[in-house]
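Worksheet: one structure, shown below.
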There are 2 protein chains.
Amino acid sequence: MKTKERSSENKICPLEVAVNSISGKWKVPIVWQINEGKKRPSEFLRGIAKVDRRVLNQQLKEMEQDGILTKVSFNELPPRVEYSLTELGEKLVTILWMLNDWGKLMIPAEED
Amino acid sequence: MKTKERSSENKICPLEVAVNSISGKWKVPIVWQINEGKKRPSEFLRGIAKVDRRVLNQQLKEMEQDGILTKVSFNELPPRVEYSLTELGEKLVTILWMLNDWGKLMIPAEED
DNA sequence: GCACATAGGGATAAAAAAGTCACTATTATG
DNA sequence: CATAATAGTGACTTTTTTATCCCTATGTGC
């Protein structure tokens, strides 16, 4: 999910940039799961229910380009790739925790 | 954007609920603009660039159902409707400010 | 009557995102 | 040789989301 036109198109809005960078069905789950340190694509595939390999790669790639994740490819066989949070990504986790707390406030009402 | 299946489908994840409730192209801009107090749909239309009336209504409706916005309809002619943030919505603004700060960290790199 | 403003919605089209399938390549194992 | 891991992608379909168009209704001003 690249940076597209949203509310404002002339000036760069930091909030817009931020929201764009985490707008993707599996991006927040990815950040949420990686917290332990490193994770391989295959681990994400097993951990995050029904993510497709194709889509996972897309989102990982975008997050890497956005500076949220770091990718390390080992020259081994079978191939090994590890993703970890950058400093920026770790700061995001802090905000996600707050969003998580905020989300708790919505649950009683949405529990239908 | 209703609550759909994301990472986990059995247990309710507050973060998932939170993210779902603000996943919508104009939802964050709406919250971001309403901070002053109240806003009429027509004001959003003029304020947020190219939002379409139809889409705006959809997102306002969902946010009202999610408890983020409060809608007040006045029985006047021409009709008047005002949206304002609920307590929950105001708490969201706090988090959006942090996301905004976080987004600033991404801008130098993305300024191509 | 016509145009404008207000708020709202049905039917439909377009665009964007996500998902599916099949293939690449390599080594080890049976 | 077949199969299973590993990571990755091109071509394509499906689903979801957003946008467009045209209607409703009401009162004011021309």
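The chains referred to below are lettered A, B, ... by the order of the sequence lines, with proteins before strands, and numbering in each begins at 1.
- Residue A:Q59 is in sugar-phosphate contact alone, with no base atom involved, counting any heavy-atom pair closer than 4.0 Å across all strands shown.
- The closest donor-acceptor contact from the side chain of A:E90 to the backbone of A:E87 lies at 3.5 Å or more, if one exists at all.
- In this structure, the nucleotide among D:dT20, C:dG8, C:dA5 sitting nearest to the side chain of B:D52 is D:dT20.
- Rounded to an integer number of Å, the gap from B:L60 CG to C:dG8 C1' is 12 Å.
- For A:K71 and D:dG8, the shortest distance from a side-chain N or O to OP1 or OP2 is below 4.0 Å.
- Checked by distance alone, B:R54 brings no side-chain donor or acceptor within 3.5 Å of a matching partner on the base of C:dG8.
- Looking at which nucleotide of DNA chain C each of B:K61 and B:R46 is closest to, the 5′-most match is held by B:R46.
- In this structure, B:R40 reaches the sugar-phosphate backbone alone: every heavy-atom distance under 4.0 Å involves primed, P, OP1 or OP2 atoms, never a base.
- Residue-level contact check: A:P79 touches the bases, meaning some heavy atom is under 4.0 Å from a base atom.
- Following rounding to the nearest Å, B:K50 (NZ) and C:dA14 (C1') show an atom-to-atom distance of 15 Å.
- As rounded to whole Å, 18 Å separates atom P of D:dT6 from atom CG of A:N75.
- C:dA7 atom P lies 10 Å from atom CZ of B:R80, rounded to whole Å.
- Checking C:dA18, D:dA7, C:dG8 against every side-chain atom of A:W26, the shortest atom distance belongs to C:dA18.
- If you measure from atom CG of B:N57 to atom P of D:dT17, you get 18 Å, rounded to the nearest angstrom.
- Side chain of A:T86 to backbone of A:I68: a donor-acceptor contact under 3.5 angstrom is found.
- Straight-line distance from the CG atom of A:L56 to the P atom of D:dT9: 12 Å, rounded to whole Å.
- Side chain of B:Q59 to main chain of B:L56: no donor-acceptor pair is present (N/O by atom type, distance under 3.5 Å, no hydrogens or angles).
- Between the CZ atom of A:F74 and the P atom of C:dT27 there is a distance of 19 Å, given to the nearest Å.
- Remark: P of D:dT9 and CD of A:E62 are 13 Å apart, rounded to the nearest angstrom.
- Remark: A:K25 is in phosphate contact with C:dG19, judged by side-chain N or O atoms under 4.0 Å from OP1 or OP2.
- Applying the ring-ring contact (aromatic ring centres under 6.0 Å, His included) definition to pairs two or more places apart or across chains, those involving residues 80-100 of chain A are A:W32-A:W97.
- Nucleic acid contact class of B:E82 (heavy atoms, under 4.0 Å, all strands): none.
- Proximity note for A:V55 (side chain, C-beta onward) versus D:dT18, C:dA18, C:dA5: the nearest is C:dA18.
- When the side-chain nitrogen and oxygen atoms of B:Q58 are compared with OP1 and OP2 of D:dA19, none of them lie within a distance under 4.0 Å.
- Closest to the A:S42 side chain, of the nucleotides C:dT6, D:dG8, D:dT6, is D:dT6.
- In this structure, the side chain of A:W102 engages the main chain of B:L88 through a donor-acceptor pair within 3.5 Å.
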